Amino acid sequence: MHIKLDRLDQLCGKNKVKKHQFLLQFLELVPPVLEQVKVGLKNRDREKVRKGIHFLAPQLSFFGISDFTLILGQLDAQPPASLEKLKGTIEQSLLKINKAMAEVRQMI
Amino acid sequence: MKIKSLIIDDNPFIIDLLTEQLRQKHPTVEVLATALSGKEGLGKIRDLQPDLIFLDVELPDMTGFEMLAQLQDITFQTIFITSFSHYAIKAIRFNALDYLVKPIDQKELTQALKRFQSSHSSFNPQQVRVALQNLKTEKPADQTLYLPTQDGGLNLVLKNIVRIEGERNYSYIFLKNNSRKLSSKTLGYFEELLSDKGFCRCHRSHLVNGDHVKMFQKEGMLLLSDNGIIPVSRRKKQEVKKWMKERR
């Protein structure tokens, strides 16, 4: 499993409705921003990629995927890592997130 | 008594997470409204007069600091919410402001709310005003370091700090007027905040302000503007010499 629900379980306890809402929200918010990251990568648009990763990193981290948090750290580092250098890592993360989304779709 | 709060963040997940965490563990904190942009946040602050705002550093239309700067009077306390790696974290820490890292940890939230409840009502707005002033000040030497103390806080303009000396878990700050202030912060804390503002850790126990270094003496000592003489670690000699050369 790529997705981890420990923190969601801790937050929602036995409240299945609340849990379902957070999972649905995951499926609503993540795909359009992932698309934005992909377009940014294709066009070598560093700011677009950074914005997308910055937006998604906390939510993904909450669901056990910390890849974007680590990438964001490198993008915001002094001196910042180049997009070229991070391209492969970002693409691998995108695959992982796609798998996580498929897992969430099966859950709900 | 209820604490009236606002959450200003462009990410609906963060808003929902924080709202749920507050509802479950901190029922005295009432979320009056939420906003997804700086402009929307400004309107809700003016309309609802909150006691506390949770404010994202990086909003789509402006930064959290730019949003606060548009207010004539800050009558509420602010807890910033930000990503761990965000470049603004240093500015937040430099100004001793409170912040939470996304996704917000329940324990961290509890600690931040405890600090909010124990601090004087004017304490945090005063820090925010100093922070906004600092962000407008281009020269680091003219920026103000805000140090929380038992009596409230100390504003120290960086150019007035000659050096800082560490003593285990606390530090002495030596000022231009020959007075010194005691801080409960470690020398490492100051080094992290001030190393890109003209200060240099020349020794395990000493951090010096470049504006106050008069010369590097042959014996491996620094002569300062207050005539103090500070040792330079053997292993730091080349680094300090290079730093002094770059400052010329």
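The sequence lines fix the lettering, A, B, ..., with proteins before strands; numbering per chain opens at 1. These numbers were taken from a predicted model, which means no experiment stands behind them. These values consider heavy atoms only, across backbone and side chains, with no hydrogens, waters or symmetry-generated copies.
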Query raised in the report: Do we see a donor-acceptor contact under 3.5 Å between the side chains of A:H2 and A:E103?
Result: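 On atom types as modelled, these side chains qualify, holding a pair under 3.5 Å.
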**Report entry** Distance-only side-chain donor-acceptor flag, B:K197 / B:Q143, under 3.5 Å
**Finding:**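 Indeed, the side chains of B:K197 and B:Q143 share at least one donor-acceptor pair under 3.5 Å.
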Report which part of [X] has an atom under 4.5 Å of a heavy atom belonging to chain B: side chain, backbone, both, or neither.
X	result
A:L29	side chain
A:Q59	both
A:F26	neither

Side chain, backbone, both or neither: which part of [X] has a non-hydrogen atom closer than 4.5 Å to chain A?
X	answer
B:I14	side chain
B:P12	both
B:D10	both

Report task. Look at the aromatic rings of B:F13 and A:F22 and report parallel, tilted or perpendicular, splitting at 30° and 60°. Result ->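 Perpendicular.
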Query raised in the report: Can you name the one residue among B:D211, B:N209, B:D142 that meets side-chain hydrogen bond (donor to acceptor under 3.5 Å, both in side chains) with B:K159?
Result: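 Testing each of B:D211, B:N209, B:D142 against B:K159, the sole residue satisfying side-chain hydrogen bond (donor to acceptor under 3.5 Å, both in side chains) is B:D142.
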**Report entry** Among A:C12, A:A57, A:P58, residue most engaged with chain B (heavy-atom pairs, under 4.5 Å)
**Finding:**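 That would be A:P58.
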Query raised in the report: Does the ring centre of B:F199 sit less than 6.0 Å away from the ring centre of B:F190?
Result: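 Distance test on ring centres: not under 6.0 Å, no.
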Query raised in the report: Looking only at atom types and distance, does a side-chain atom of B:D98 sit under 3.5 Å from a main-chain N or O of B:I79, one as donor and one as acceptor?
Result: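 Flag not set: sc B:D98 to bb B:I79 has no pair under 3.5 Å.
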